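Everything numeric here is computed off the predicted structure, so don't read it as measured data. Atom set for the values below is all heavy atoms of this structure, side chains included, hydrogens, waters and symmetry mates excluded.
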Amino acid sequence: MVSVIFMRISARFLNSIPDLGHQGFDHDQLTQTSSWKGACVNVRLSWRASKGGGILARGAVPRPEKPERRQLRYINAELRRMEIDDCNRGGPREMEQDMTAQYFLPLATYPDSSSGLIISNAVTFAGYYSAHLHACALTVAIPHIPNAWSSLLLDTPKMIEHAEILSRDRAATLVSAATNLAASAEVELSCRTVKTALPLLHDTAATEARFFDLAILECIADVPDTRIVAEAVIFGSGRPAIIFPKKTLAGPIDHLVIAWDGTRAAARAVNDANPFIHKAKRVSVLSVTGEKPLPEPSGAHLAEILVSSGVNASSTAARFTSSSIGLSIQQTALELGADILVMGGFGHSRLRDFVLGGATDGVLHEPLLPVLMSH
């Protein structure tokens with residue numbers, strides 16, 4: 001008796017469903033409702049076949065399914081099958097690998113101007129990895145000194161105006177150079193100018209760098225401001241940075257060397273360097289002994305992990321011999337034929353000063369090759 005009542009209610013409710021295809025319902029609603037209705041028809045037909053069809057004589061007679069609804073169900077099934085195939089082939093991973101990398105190039109304009117060499121290296125490097133380069137010229141706004149004080153000094157308003165004009169002119173020159181170089185190299189480039197107070201210049205560079213995958217920086221020993229900007233970006237942006245020396249990038253990065261000491265900063269750097277590690281033809285994991293105790297497991301274990309992920313990697317060890325650990329690491333990397341060095345950036349606050357680790361300080365003082373540094 002309960003079955004009879006259920007089937008009568010199902011039949012009446014089923015026939016009361018309107019034709020959704022003509023009432024503005026979307027594809028998913030139409031497909032889901034059509035599938036449910038078809039399921040009810042199948043249940044009703046099965047019950048009728050088993051019982052001789054007595055009870056359905058008083059209910060609605062099943063109508064044949066419309067061709068368009070049958071086609072929608074077929075399309076929906078095909079879409080589900082395609083989704084399953086994409087998952088089996090690793091579709092989402094392939095899409096992630098095809099994402100365009102976004103590189104950030106801060107261009108200083110005052111007191112010292114960024115060099116044309118860093119623009120050239122940034123464009124070349126972005127071209128190697130088919131990345132989108134974002135150049136940001138930082139112009140300065142210098143606070144004006146009150147008249148009561150400026151009258152006792154030099155003509156400070158005039159000096160401030162001259163400095164701000166110089167900053168704007170340098171920004172225009174740098175942006176023009178970047179535009180021309182990127183156009184000739186067929187590298188995708190975006191340029192913008194950001195005005196900031198002079199005391200906040202370095203912090204602004206770090207803040208802007210947070211939006212991108214990687215920052216491209218220069219460190220020139222006789223231009224102290226380049227190092228200050230580099231430190232601000234490395235330790236304040238939360239993003240990895242590549243520091244270029246004062247020389248032209250020679251060619252593609254085929255041999256990558258990892259300076260490994262087992263620290264958190266080194267592990268962070270390896271992770272941030274993954275796009276370059278997997279594209280390099282050869283990777284060497286370098287451990288420099290004698291400067292400090294190195295925790296186990298050593299670089300050999302990291303090399304094994306990289307090999308298991310498909311990287312042509314090996315490990316090597318060297319003794320700390322020079323006066324600077326940063327210099328020793330770089331010299332050993334160059335002896336190995338490295339095109340780029342990957343290392344962690346270490347620094348901590350001591351009272352009110354920021355104290356760098358020995359290797360970090362040595363590399364920032366005078367980089368000898370491109371260095372990817374991550375904090």
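Val270 and Ile253 end up in the same hydrophobic cluster when Ile, Leu, Val, Met, Phe, Trp and Tyr side chains are linked at under 4.5 Å. Val123 and Val175 fall into different hydrophobic clusters, where Ile, Leu, Val, Met, Phe, Trp and Tyr residues are linked whenever their side-chain heavy atoms come under 4.5 Å apart, directly or through other members. With hydrophobic clusters built from ILVMFWY side chains whose heavy atoms lie under 4.5 angstrom apart, Leu327 shares a cluster with Ile243. Connection of Leu336 to Leu334 is established within a shared hydrophobic cluster, with ILVMFWY side chains joined at heavy-atom distances below 4.5 Å, either directly or through further cluster members. Hydrophobic clustering (side-chain heavy atoms under 4.5 Å, transitive across Ile, Leu, Val, Met, Phe, Trp, Tyr) groups Leu256 together with Tyr128.
At least one side-chain heavy atom of Val194 sits under 4.5 Å from a side-chain heavy atom of Glu208. Pro106 has its side chain within reach of Leu217: a pair of non-hydrogen atoms, C-beta onward, lies under 4.5 Å apart. Put simply, the side chain of Asp225 reaches to within 4.5 Å of the side chain of Ile228, judged on heavy atoms. Side-chain contact between Ile258 and Leu341 is absent, with no heavy atoms from C-beta onward closer than 4.5 Å. Counting heavy atoms from C-beta on, the side chains of Ser315 and Leu302 never come closer than 4.5 Å. Looking at heavy atoms from C-beta onward, Pro367 lies out of side-chain contact with Lys246 at the 4.5 angstrom threshold. Put simply, the side chain of Val257 does not reach to within 4.5 Å of the side chain of Thr316, judged on heavy atoms. You'll find the side chain of Pro370 reaches within 4.5 Å of the side chain of Leu249, heavy atoms only.
Atom-to-atom distance recorded for His132:NE2 and Thr100:OG1 is 9.0 Å, nearest 0.5 angstrom. Atom CG in Leu200 sits 5.5 Å away from atom OG1 in Thr204 (nearest 0.5 Å). The CD1 atom of Ile329 sits 11.0 Å away from the CG atom of Leu369 when rounded to the nearest 0.5 Å. Rounded to the nearest 0.5 angstrom, Ile234 CD1 and Ile242 CD1 are separated by 11.0 Å. Of the inter-residue distances, the one linking Glu188 atom CD with His134 atom NE2 reads 7.5 Å to the nearest 0.5 angstrom. To the nearest 0.5 Å, the span separating CG on Leu189 from SG on Cys191 amounts to 4.0 Å.
Using modelled atom types, one side-chain atom of Thr207 and one backbone atom of Asp203 make a donor-acceptor pair closer than 3.5 Å. Put simply, the side chain of Asn312 never gets that close to the backbone of Arg282: no donor and acceptor are under 3.5 Å apart. No donor-acceptor pair closer than 3.5 Å links the side chain of Glu186 to the backbone N or O of Ser184. With hydrogens and angles disregarded, no donor-acceptor distance shorter than 3.5 Å links the side chain of Ser113 to the backbone of Thr109. Side-chain atoms of Glu164 come within 3.5 Å of backbone N or O of Ile142 as a donor-acceptor pair. Arg210 places a side-chain N or O within 3.5 Å of a backbone atom of Gly236 that can act as its donor or acceptor partner. Panel note: side chain His202, backbone Ala232; no donor-acceptor pair is recorded below 3.5 Å. Remark: the backbone N or O of Asp169 is paired with a side-chain donor or acceptor of Thr173 at under 3.5 angstrom. No donor-acceptor pair under 3.5 Å is formed between the side chain of Ser284 and the backbone N or O of Leu286. Put simply, the side chain of Asp254 never gets that close to the backbone of Lys281: no donor and acceptor are under 3.5 Å apart.
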Go through the steps for Met343 and Val371 under the test side-chain contact (heavy atoms from CB on, under 4.5 Å), then give the verdict.
CA-CA 7 Å; Met343 61 178 290; Val371 179; 3.8 Å; yes
For Ser167 and Ile165: C-alpha separation, side-chain torsions, deciding distance, then whether side-chain contact (heavy atoms from CB on, under 4.5 Å) applies.
CA-CA 5 Å; Ser167 175; Ile165 292 174; over 6 Å; no
List the steps, then state whether side-chain contact (heavy atoms from CB on, under 4.5 Å) holds for Cys136 with Leu138.
CA-CA 6 Å; Cys136 179; Leu138 302 170; 3.8 Å; yes
Set out, in order, the CA-CA distance, both residues' side-chain angles and the distance that settles side-chain contact (heavy atoms from CB on, under 4.5 Å) for Ile119 and Leu107, then state yes or no.
CA-CA 9 Å; Ile119 298 176; Leu107 298 173; 3.9 Å; yes
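A perpendicular orientation is assigned to the rings of Phe244 and Phe125, their planes being inclined by more than 60° (bins at 30° and 60°). Ring geometry for Phe212 versus Phe104: interplanar angle under 30°, hence parallel rather than tilted (30 to 60°).
Across all non-hydrogen atoms, the minimal contact from Ala108 to Ser114 is N-OG, 2.7 Å. Shortest non-hydrogen contact noted between Lys195 and Ala141 is CE-CB, 3.5 Å. Between Val342 and Ala269 the shortest heavy-atom distance is CG1-O, 3.7 Å. Listed here is the closest heavy atom pair of Pro143 and Ile160: O-CD1, 3.4 Å. Closest heavy-atom contact between Ala209 and Ala215: CB-CB, 4.4 Å. Considering every non-hydrogen atom in both Glu231 and Leu364, the closest pair reads CG-CD1, 3.7 Å.
For Phe276 and Tyr129, the gap between ring centers is short of 6.0 Å.
Defined by atom type and a distance below 3.5 Å, a donor-acceptor pair is present between the side-chain atoms of Glu218 and Ser115.
Here Glu366 does not pair with Arg227 in a salt bridge; the nearest charged N to carboxylate O distance is not below 4.0 Å.
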